[in-house]
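Quick notes on the structure that follows.
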Amino acid sequence: MTESDVLLYGHDPTPGIVSVYADYSGQAWVWRREGHQVTLEQTRFRPWVFARDLTDVASLVLSRDDPEAPFHVKELTGKVGSLKYLLTAKDGYSLRRVIFQNATQRLGRQITGFHDLRGYVSAGPTEQYLTATGRTYFKGMSFDDPVRLQFDLETTSLTPDQGRIFMIAVRDNRGFEKVLEARRSAQEADMIGELVQVIQERDPDIIENHNINSFDLPFLMGRARTLRVPLELGRQGGPAGIWRVQDGRSSPHWAVAGREILDTIDAVRRMDLPSASLKAVSQIFGIAPPDRVYLEGEKITETYRDNPALVRKYALQDVEEVDHLARRVLSASFALAKMTPRPYHRLPYAGPAMGVLEPMLIRAYYHAGHALPPEQPYHAEPHSGGHVELFAEGVLARVVKADVASLYPSVIRAERIEPQSDPLHVFLHLMDRLTALRLQHKAAMRRGEAGEHQAMQSAMKLIINAGYGYLGAGRMALFGDREAADQVTTKGRDILNTVVSDLRAGGVTLIEADTDGVYFSVPEGWSEQQERELIRAVDAELPEGISLEFDGRWQAMLSHEIKNYALLGYDGKLTVRGASFDTVRTEPFARDFMQRALPCLLKGDLTGVQDAFQFTLNALQQRQLTNREVATRVRLTKTPEQYRASKRRENQYEAMLSAGVPWQAGERVYQYQQQEKGWRPLDGNPDGRDYDVQAYVQTLLTGYVTRLRKGLTAEDYRQLFRPVHEQGLFDLPVSDMRPVWRAVDTSRVR
DNA sequence: CTCATACGGGG
DNA sequence: GTGTACGTATGAG
């Protein structure tokens with residue numbers, strides 16, 4: 001693959017950069033790997049700021065012709081009002097200080113950063129270095145060329161002031177593997193020292209774990225502080241220490257000089273999976289080994305006491321799983337790190353638009369010596385969205401989904417829509433090049449060629465799809481353009497409308513349309529080939545560059561509300577979408593009910609639906625369930641003191657207080673409704689059966705049974721979900737009932 | 001209903 | 001002496 005497109009990769013082809021640390025004083029440390037050798041280049045760069053005018057730097061001596069002067073200004077080509085002054089300095093701290101001081105005076109409020117100051121664009125030091133030099137990480141490297149090390153702590157608690165570390169599993173992608181242990185508290189300090197030593201000796205470029213930023217590192221730092229063990233995880237020659245990356249979000253991120261700290265959870269969280277936990281995700285991706293040991297968090301300490309070998313195995317499997325998971329979920333970020341002027345560790349949690357695309361746009365303007373765009377005009381209204389429409393609700397058979405492949409990116413490229421503030425046409429160039437590259441990688445994948453084609457193509461896709469969102473991102477997006485974004489959605493709605501009416505003309509029953517996809521039901525007797533032919537025929541009518549694709553087929557669908565539905569595959573697999581059907585708070589008994597009832601409803605087996613209902617009702621009434629199976633998980637965010645001080649009474653806290661159970665802020669507990677006593681913590685009696693039957697029957701009826709309503713006639717619904725002893729005189733045999741659907745005429749545009 | 005805040009996940 | 005910004009569910013008003 002060529003890395004010669006300077007807009008895509010930056011203009012400096014230096015290979016093998018594995019980590020960069022820079023500061024505002026203009027110093028930069030660049031670590032490069034060539035095979036086994038890692039070299040540190042200590043260098044300087046000129047910190048930069050794009051400015052709209054020079055008012056805040058009027059007190060500085062600004063050179064216009066000596067680019068090495070303490071402060072330099074270059075007037076850039078650009079329109080009136082654009083950021084047409086590129087200020088650079090030998091020492092970026094002084095430049096920033098002067099600007100903030102003068103702006104504070106001018107505006108009469110404390111200015112401490114560019115984020116609360118209009119008329120400037122700058123970046124963090126490492127990003128400035130990469131932008132100014134045109135360098136990027138990892139050029140010429142594959143995912144496993146850097147040394148990647150994973151470590152995972154086993155602890156006696158979730159917080160370092162209440163527990164300690166008793167085990168650390170550590171491995172790397174060069175074959176190293178070790179389990180460090182501290183059976184007794186007195187050995188913990190030595191074990192931490194040993195981890196530091198392992199890291200210094202194995203000298204990884206990248207340190208990975210799942211949730212490393214919110215768990216392992218804070219825990220490790222907490223213990224090291226308490227035990228007074230020096231914790232140097234960074235590389236020799238660079239600034240020492242470990243520091244919190246200020247990224248404005250609640251969860252912390254950490255950085256050390258010379259190594260990239262990567263958290264697989266950041267990448268997993270944006271994948272829209274039912275859970276982001278390591279174990280769940282590993283199973284979904286099929287990377288859990290067949291002999292995987294699963295231990296409940298709370299039981300790990302006691303398991304270690306009785307069976308340390310099992311915990312060792314568990315801990316090693318954790319780090320091995322992280323290695324596989326990282327290869328799977330971080331390779332897109334790895335690929336993007338070769339393109340965008342940002343450190344690798346930021347990419348899994350940087351947004352693809354502001355975090356990846358915009359830095360590339362800024363870099364292009366920096367190198368062209370062209371001004372950055374002025375601020376966008378303010379729009380009170382959000383820009384218009386996609387076409388969303390529900391055509392039918394209830395149970396429909398023979399369901400097919402068709403979608404327009406990459407609708408918005410295709411519209412952007414086909415209609416040549418670009419930000420009006422992008423005279424260099426960088427946006428469209430990037431869209432075109434990324435799409436072309438994506439297609440190359442997809443083709444290579446299809447030919448079965450070796451290499452990271454899957455990672456590359458998904459990385460490209462990520463950024464291409466971000467293009468539209470970026471245009472509509474509002475004032476935060478430097479090159480955002482509301483009108484351009486509106487053009488994209490307008491065209492997108494036109495296309496979807498065409499698809500919808502052409503499909504309808506093809507004789508199918510439409511169910512729902514959402515932005516770029518349509519679910520519909522085909523007439524009885526249609527073969528899959530006929531379904532695909534219809535989609536091909538509709539596709540043929542679409543404009544050049546836009547294509548409709550077959551996206552799946554199911555034996556039936558329960559359409560409940562827009563974006564809330566259940567599908568039953570031809571293989572019998574049930575898929576539910578939307579908060580109506582399943583959330584984290586869903587009680588186990590209710591989840592079980594839905595899993596039993598939905599497939600029956602979708603197959604038209606209403607006897608089965610009734611059985612599922614009676615089964616659950618019976619189980620509740622006969623107290624065949626335990627409290628655990630009716631409990632919901634709640635989170636106690638306030639401390640007891642905070643709660644007592646607050647006005648509002650909340651069930652979950654009252655439950656803890658009335659039971660006399662202490663809690664800590666942030667704690668997660670299970671609670672259930674106890675007979676006559678209301679909400680109680682589950683902990684006291686998880687295997688008991690003293691739950692409030694009436695309350696849970698009510699929950700079943702109002703919270704879950706109602707989700708099936710759209711698939712039944714009103715009479716059938718009433719009859720099916722009535723207690724069995726209340727048989728009515730005019731009841732129909734259930735075996736004669738059939739699920740129903742009806743057309744709806746609510747249409748709206750988001 | 002809309003707006004704001006908290007969460008995820010880790011032992 | 002680094003570095004603003006995720007997506008979604010629930011609670012508050």
Side-chain angles (χ1 to χ4, degrees), chain A residues 20-25 27-28 47 91-94 96-97 112-116 122-129 152-160 162-167 209-220 239 241 243-251 253 255 257 263-281 295-304 311 314-315 318 342-343 345-346 348-355 358-359 469 473-474 476-477 579 583-585 633-638 646-648 650-652 665-666 668:
Chain A
V20 176
Y21 173 91
D23 67 23
Y24 285 126
S25 76
Q27 297 185 88
D91 175 31
Y93 287 117
S94 340
R96 288 166 64 91
R97 195 163 43 234
T112 54
F114 286 117
H115 45 275
D116 34 39
S122 190
T126 301
E127 204 174 315
Q128 290 190 33
Y129 171 80
D152 185 57
L153 309 183
E154 303 304 328
T155 65
T156 61
S157 153
L158 285 171
T159 47
Q162 283 167 32
R164 66 175 188 92
I165 310 167
F166 64 84
M167 186 182 283
N209 197 16
H210 199 68
N211 211 19
I212 187 170
N213 282 307
S214 296
F215 179 68
D216 298 85
L217 283 175
F219 203 108
L220 190 60
W243 54 89
R244 191 173 168 158
V245 177
Q246 283 306 318
D247 61 357
R249 46 167 87 194
S250 48
S251 61
H253 284 85
D263 198 331
T264 45
I265 210 168
D266 287 323
V268 163
R269 278 197 178 141
R270 51 177 52 184
M271 301 181 98
D272 201 24
L273 302 171
S275 158
S277 84
L278 176 64
K279 276 75 175 173
V281 171
L295 298 175
E296 245 179 82
E298 283 178 0
K299 304 221 170 89
I300 284 179
T301 313
E302 56 176 278
T303 310
Y304 181 60
V311 179
Y314 167 83
D318 265 4
R342 305 209 82 185
H345 72 259
R346 292 214 56 132
Y349 62 97
M354 306 291 281
E358 185 168 89
M476 285 183 313
T583 73
V584 281
R585 294 174 73 102
R633 192 163 80 160
V634 297
R635 188 163 177 126
L636 306 167
T637 52
K638 301 170 186 158
S646 77
K647 278 177 283 190
R648 221 181 108 88
E650 294 170 61
N651 288 337
Q652 64 260 42
R668 239 174 358 202

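These numbers come from a predicted model, not from an experiment.
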Indicate, with a heavy-atom threshold strictly under 4.0 Å, whether [X] touches base, sugar-phosphate, or nothing.
X: Ser275(A); value: sugar-phosphate
X: Ala22(A); value: base
X: Phe219(A); value: nothing
X: Leu278(A); value: sugar-phosphate
X: Tyr24(A); value: sugar-phosphate
X: Ser214(A); value: base

C1' atoms of dA5(C) and dA6(B), separation to the nearest Å: 16 Å
In whole Å, measure the gap between the C1' atoms of dG9(B) and dT8(C) for me.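 Their C1' atoms lie roughly 15 Å apart.
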Position toward the 5' end of DNA chain B (nearest nucleotide), Arg269(A) or Ile300(A): Arg269(A)
Between [atom1] of [X] and [atom2] of [Y], what distance do you get to the nearest 0.5 Å?
X: Asp263(A); Y: Ile212(A); atom1: CG; atom2: CD1; value: 7.0 Å
X: Ile165(A); Y: Asp152(A); atom1: CD1; atom2: CG; value: 10.5 Å
X: Leu220(A); Y: Thr155(A); atom1: CG; atom2: OG1; value: 11.0 Å

Separation of [X] atom [atom1] from [N] atom [atom2], in whole Å?
X: Gln128(A); N: dT4(C); atom1: CD; atom2: P; answer: 10 Å
X: Glu298(A); N: dG10(B); atom1: CD; atom2: P; answer: 14 Å
X: Ile212(A); N: dG11(B); atom1: CD1; atom2: C1'; answer: 15 Å
X: Tyr129(A); N: dG3(C); atom1: OH; atom2: P; answer: 20 Å
X: Arg96(A); N: dG3(C); atom1: CZ; atom2: P; answer: 7 Å
X: Leu158(A); N: dG11(B); atom1: CG; atom2: P; answer: 8 Å
X: Arg342(A); N: dG3(C); atom1: CZ; atom2: C1'; answer: 8 Å
X: Leu153(A); N: dG10(B); atom1: CG; atom2: P; answer: 13 Å

Report the nucleotide, chosen from [options], that has the shortest atom-to-atom distance to any side-chain atom of [X].
X: Arg270(A); options: dG10(B), dC6(C), dG3(C); result: dC6(C)
X: Asp152(A); options: dA5(C), dG9(B), dG11(B); result: dG11(B)
X: Asp318(A); options: dG9(B), dG3(C), dG11(B); result: dG11(B)
X: Val245(A); options: dG9(B), dG3(C), dG10(B); result: dG3(C)
X: His210(A); options: dG3(C), dG9(B), dG1(C); result: dG9(B)
X: Glu154(A); options: dG1(C), dG9(B), dG11(B); result: dG11(B)
X: Tyr314(A); options: dA5(C), dG11(B), dG3(C); result: dG11(B)

Would you name the heavy atoms of Arg342(A) and Ala350(A) that are closest together and state the gap between them?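 Residues Arg342(A) and Ala350(A), closest heavy atoms: NH1-CB, 3.7 Å.
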Checking Tyr314(A) now: which residues fulfil ring pair (Phe, Tyr, Trp, His ring centres under 6.0 Å) with it, not counting sequence neighbours? none
Tell me whether the side-chain N/O atoms of Arg346(A) come closer than 4.0 Å to OP1 or OP2 in dA5(C). yes
Can you tell if the side chain of Val311(A) reaches within under 4.5 Å of the side chain of Ile300(A), non-hydrogen atoms only? yes
